[in-house]
K.L.:
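Structure incoming, see below.
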Amino acid sequence: YVGELMGTNGEDGVVFWVDYTGEHGLICSPEDLNCGTIIGWTDVIAVVPDGAQSRIDGYSNSIAINNQSANSAATICLQYSTPGTSAGDWYLPAVDELSKLYHVRYEVTKALNLDSFGLDMYWTSTELNNNTAWYYNIAIGYGNSLNKNNNYMVRAVRAF
């Protein structure tokens with residue numbers, strides 16, 4: 001259910017979306033990654049060769065971004081792990097996945113018993129073109145695209 005803590009005190013994340021079957025959904029990391037510091041989307045200003053333009057499949061986007069450059073927000077998410085998860089379980093969410101998190105951010109905050117979101121702007125794994133990628137403002141529920149070298153926060157998600 002939305003707001004369910006995974007692991008001891010949510011160390012393995014918080015459920016923020018469940019599909020109609022109740023068997024599959026999405027979990028967000030309990031905290032921002034990269035020690036809460038902002039980071040650029042990638043250090044390569046070119047279209048991701050394998051494609052990272054899905055609005056709904058952040059995992060595939062993240063793999064494609066990582067294949068282009070290991071110095072990226074997607075790589076930080078793919079390398080993330082918790083006591084109950086492994087590197088590769090997590091990824092940088094697509095823009096529509098981050099939108100789902102926005103809609104239940106208060107339940108996530110309440111479940112963790114703290115406001116775990118840093119700055120308002122978070123990178124998504126959705127690329128628009130060679131220069132820009134989508135970010136999402138978690139405070140007001142607004143997504144847009146900006147230059148890939150801008151620095152924003154990163155929150156990992158994983159599917160179950």
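Model, not experiment: these values are computed from the prediction. We count residues from 1, following the sequence as given.
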K.L.:
Under 3.5 Å, is there a donor-acceptor pair between the side chain of Thr124 and the main chain of Trp134?
P.N.:
yes

K.L.:
For Ser99 and Tyr136: C-alpha separation, side-chain torsions, deciding distance, then whether side-chain contact (heavy atoms from CB on, under 4.5 Å) applies.
P.N.:
CA-CA 7 Å; Ser99 174; Tyr136 202 88; 3.5 Å; yes

K.L.:
Can you run down the ring pair (Phe, Tyr, Trp, His ring centres under 6.0 Å) pairs that involve residues 65-86, sequence neighbours left out, and say none if there aren't any?
P.N.:
Tyr80-Trp90

K.L.:
Can you list everything that forms a salt bridge (charged side-chain N to carboxylate O under 4.0 Å, His left out) with Glu97? Sequence neighbours excluded, please.
P.N.:
none

K.L.:
Using the test side chain to side chain contact (heavy atoms under 4.5 Å, CB included), find all partners of Ser69 that sit at least two apart in sequence or belong to another chain.
P.N.:
Thr42, Asp43, Val44, Asn71

K.L.:
For Tyr59, check side-chain hydrogen bond (donor to acceptor under 3.5 Å, both in side chains) against everything at least two apart and list the hits.
P.N.:
none

K.L.:
How far apart are the C-alpha atoms of Gln53 and Leu128, what are their side-chain angles, what is the distance that settles it, and do they pass the side-chain contact (heavy atoms from CB on, under 4.5 Å) test?
P.N.:
CA-CA 6 Å; Gln53 296 181 345; Leu128 184 62; over 6 Å; no

K.L.:
Short question: side chain of Thr126, backbone of Ser54 - any donor-acceptor pair under 3.5 Å?
P.N.:
yes

K.L.:
How far apart are the C-alpha atoms of Leu146 and Thr132, what are their side-chain angles, what is the distance that settles it, and do they pass the side-chain contact (heavy atoms from CB on, under 4.5 Å) test?
P.N.:
CA-CA 5 Å; Leu146 284 173; Thr132 62; 5.8 Å; no

K.L.:
Which residues satisfy the side-chain hydrogen bond (donor to acceptor under 3.5 Å, both in side chains) test with Asn144, sequence neighbours excluded?
P.N.:
Tyr142

K.L.:
Is the centre of the Trp123 ring less than 6.0 Å from the centre of the Tyr152 ring?
P.N.:
yes

K.L.:
Not counting sequence neighbours, which residues clear side-chain hydrogen bond (donor to acceptor under 3.5 Å, both in side chains) with Asn147? List them please.
P.N.:
none

K.L.:
A quick test of your reading: do over 12 heavy atoms of other residues, nucleotides or ligands sit less than 6.0 Å from CG of Asp19?
P.N.:
yes

K.L.:
List in chain and number order the residues that pass side-chain hydrogen bond (donor to acceptor under 3.5 Å, both in side chains) with Asn150, two or more places apart in sequence or in another chain; answer none if no residue qualifies.
P.N.:
none

K.L.:
Would you please say whether a donor-acceptor pair under 3.5 Å links the side chains of Tyr122 and Asn137?
P.N.:
no

K.L.:
Check the hydrophobic clustering (I, L, V, M, F, W, Y; side-chain heavy atoms under 4.5 Å; chains of links allowed) and say if Ile140 and Tyr135 are grouped together.
P.N.:
yes

K.L.:
Restricting to pairs with a member in residues 5-15, which pass side-chain hydrogen bond (donor to acceptor under 3.5 Å, both in side chains), not counting sequence neighbours?
P.N.:
Asp12-Thr82

K.L.:
Considering only residues two or more places apart or on different chains, which pairs with a residue in residues 51-74 satisfy salt bridge (charged side-chain N to carboxylate O under 4.0 Å, His left out)?
P.N.:
Arg55-Asp96

K.L.:
How would you list all residue pairs meeting ring pair (Phe, Tyr, Trp, His ring centres under 6.0 Å) that involve residues 2-30, not counting sequence neighbours?
P.N.:
none

K.L.:
If we ignore hydrogens and angles and just use 3.5 Å, is the side chain of Arg155 paired with the main-chain N or O of Glu31 as donor and acceptor?
P.N.:
yes

K.L.:
Glu4 side chain to Tyr1 main-chain N or O, any donor-acceptor pair under 3.5 Å?
P.N.:
yes

K.L.:
Suppose the criterion is salt bridge (charged side-chain N to carboxylate O under 4.0 Å, His left out): which pairs have a residue in residues 104-114, not counting sequence neighbours?
P.N.:
none

K.L.:
Given the rule that I, L, V, M, F, W and Y join up when any side-chain heavy atoms are under 4.5 Å apart, are Val47 and Leu92 in one cluster?
P.N.:
no

K.L.:
Salt bridge (charged side-chain N to carboxylate O under 4.0 Å, His left out): which pairs involve residues 123-150, sequence neighbours left out?
P.N.:
Glu127-Lys148

